[in-house]
Student: 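The structure that follows is given in the form of structure tokens.
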Amino acid sequence: MRINLSLYLVTDPELCAHHGLVETVVAAVRGGVTVVQLRDKHASDDEMIDQARRLKTALAGSGVPLIVNDRLAVAVESGADGLHIGQDDGDVAAARAALGEGAILGLSVQTHEQLKQLDPASLDYLGFGPVFATSTKQDHARPLGFAGLASLVAASPLPAVAIGGLKAEHVEQVRAAGAKGPAVVSAICGHPDPEAAARAFFETC
Ligand SMILES: Cc1ncc(COP(=O)(O)OP(=O)(O)O)c(N)n1
Ligand SMILES: Cc1nc(C(=O)O)sc1CCOP(=O)(O)O
Ligand SMILES: [Mg+2]
């Protein structure tokens with residue numbers, strides 16, 4: 001499925017708590033976010049299904065798809081538009097079979113080895129990271145830098161976003177490396193004004 005990867009928001013429960021999850025996402029979409037991923041490592045499946053349904057309702061008519069992080073059952077049960085999984089989050093083919101052809105399926109990639117092993121026919125996009133070290137994800141891989149990112153993008157059979165420590169000031173380098181756009185947590189969710197924070201990613205282009 002075609003997906004606009006210009007500015008990809010990944011939510012964080014603590015950072016979104018200030019304004020509220022739905023309010024933060026709606027503001028960020030007003031600011032130009034084109035994809036939203038619901039990521040919550042501690043919520044139960046039922047809590048996450050409820051959050052996903054509330055976000056789907058809030059995003060209705062915006063054209064912005066809702067992706068669920070990690071949890072295939074939550075993505076299917078909530079009626080989300082897709083799923084994002086990492087290298088250890090389960091089988092891509094099984095996820096595609098459960099989601100159906102019309103859903104969006106993304107995969108995290110850190111190395112060329114992983115790129116060679118993936119099946120592009122089952123996937124819609126890739127997430128390359130981290131570009132920089134970030135305190136948002138404690139167990140992240142070794143930072144790629146922009147040179148490492150460019151090298152992965154050049155070998156990628158699929159469109160990709162870059163993630164990890166990215167701020168508005170990095171947009172040009174992200175695009176110059178060949179990624180479709182940045183995927184961002186703290187620079188938007190942790191900002192006092194998520195709408196303005198999202199908009200800033202387009203003003204630097
Ligand atoms: C867009 C995007 N890219 C990469 C990731 C990281 O996924 P993963 O490696 O599975 O790590 P967790 O997010 O599950 O901690 C992502 N979530 N989104
Ligand atoms: C969710 C996630 N995945 C990463 C990866 O490298 O795969 S880095 C990351 C967190 C990115 O948060 P921030 O924008 O606040 O740096
Ligand atoms: Mg994961």
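Note that ligands are numbered from 1 as they come in the structure, with each ligand's atoms numbered from 1 the same way.
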Student: Going by the atom numbers of ligand 1, which of them fall below 4.0 Å from some non-hydrogen atom of Gly127?
Tutor: 3 (N)
Student: Is Asp40 close to Thr11 at the side-chain level, that is, under 4.5 Å between some pair of heavy atoms?
Tutor: no
Student: So which of Gln37, Arg71, His140, Arg39 gets nearest to atom 17 (N) of ligand 1, if we judge by its closest heavy atom?
Tutor: Gln37
Student: List ligand 1 atoms under 4.0 Å from Asp70, heavy atoms only on the residue side.
Tutor: 10 (O), 14 (O)
Student: Between Lys41 and Asp70, does any side-chain N to carboxylate O distance fall below 4.0 Å?
Tutor: yes
Student: So do Leu126 and Leu115 actually touch side chain to side chain, heavy atoms under 4.5 Å?
Tutor: yes
Student: Give a yes or no on whether a salt bridge exists between Arg53 and Glu77, defined as a side-chain N under 4.0 angstrom from a carboxylate O.
Tutor: yes
Student: N/O of Ser108 under 3.5 Å from N/O of ligand 1, yes or no?
Tutor: yes
Student: Looking only at distance, does Asp89 have an N or O less than 3.5 Å from an N or O of ligand 1?
Tutor: yes
Student: Would you indicate whether the side-chain heavy atoms of Pro143 and Val131 approach each other to under 4.5 Å?
Tutor: no
Student: Please report the closest heavy-atom contact between Val22 and Ala58, naming both atoms and the distance.
Tutor: CG1-CB, 3.6 Å
Student: Just to be sure I understand the cut-off, which residues have at least one non-hydrogen atom under 4.0 angstrom from an atom of ligand 2?
Tutor: Arg39, Gly129, Pro130, Thr134, Thr136, Lys137, Ile163, Gly164, Gly165, Val184, Val185, Ser186
Student: Between ligand 1 and Tyr125, is the shortest N or O to N or O distance under 3.5 Å?
Tutor: no
Student: Could you tabulate the donor-acceptor pairs under 3.5 Å formed by side-chain atoms of residues 146-168, not counting sequence neighbours?
Tutor:
unit_1, atom_1, unit_2, atom_2, d
Ser151, OG, His112, NE2, 2.7
Ser156, OG, Leu158, N, 3.1
Ser156, OG, Leu158, O, 2.7

Student: Sort and list the pairs that fulfil salt bridge (Lys or Arg N to Asp or Glu O under 4.0 Å) and have at least one residue in residues 80-94, not counting sequence neighbours.
Tutor: Lys56-Asp81
Student: Write down the atom of Lys180, the atom of Arg175, and the distance for their closest heavy-atom approach.
Tutor: O-NE, 3.3 Å
Student: Side chains of Asp12 and Ser186, heavy atoms from C-beta outward: is any pair under 4.5 Å?
Tutor: no
Student: Run down the list Lys41, Gln110, His84 and name the one with the heavy atom closest to atom 2 (C) of ligand 1.
Tutor: His84
Student: Below 4.5 Å, heavy atoms only, C-beta onward: do Gln110 and Phe128 meet side chain to side chain?
Tutor: no
Student: List ligand 1 atoms under 4.0 Å from Val161, heavy atoms only on the residue side.
Tutor: 1 (C)
Student: Sum up the protein N, O or S atoms located under 2.8 Å from the Mg ion (ligand 3).
Tutor: 2
Student: Is it true that Ser44 and Asp46 share a donor-acceptor pair across their side chains at a distance under 3.5 Å?
Tutor: no
Student: For ligand 1, which part of Tyr8 has a heavy atom less than 4.0 Å away: the side chain, the backbone, both, or neither?
Tutor: side chain
Student: I want to check something: taking the side chain as every heavy atom from C-beta on, are Leu107 and Leu118 in contact at a cut-off of under 4.5 Å?
Tutor: yes
Student: Looking at ligand 1, does any of its N/O atoms fall within less than 3.5 Å of an N/O of Val10?
Tutor: no
Student: For atom 11 (O) of ligand 1, which protein heavy atom lies nearest, and how many Å away is it?
Tutor: Lys137 NZ, 3.0 Å
Student: Between Leu38 and Met48, what is the shortest heavy-atom contact and its length?
Tutor: O-CE, 3.5 Å
Student: Restricting to non-hydrogen atoms, name the atom on Leu66 and the atom on Ala52 that form the minimum distance, rounded to 0.1 Å.
Tutor: CD2-O, 3.3 Å
Student: Do any nitrogen or oxygen atoms of Asn69 come within less than 3.5 Å of a nitrogen or oxygen of ligand 1?
Tutor: yes
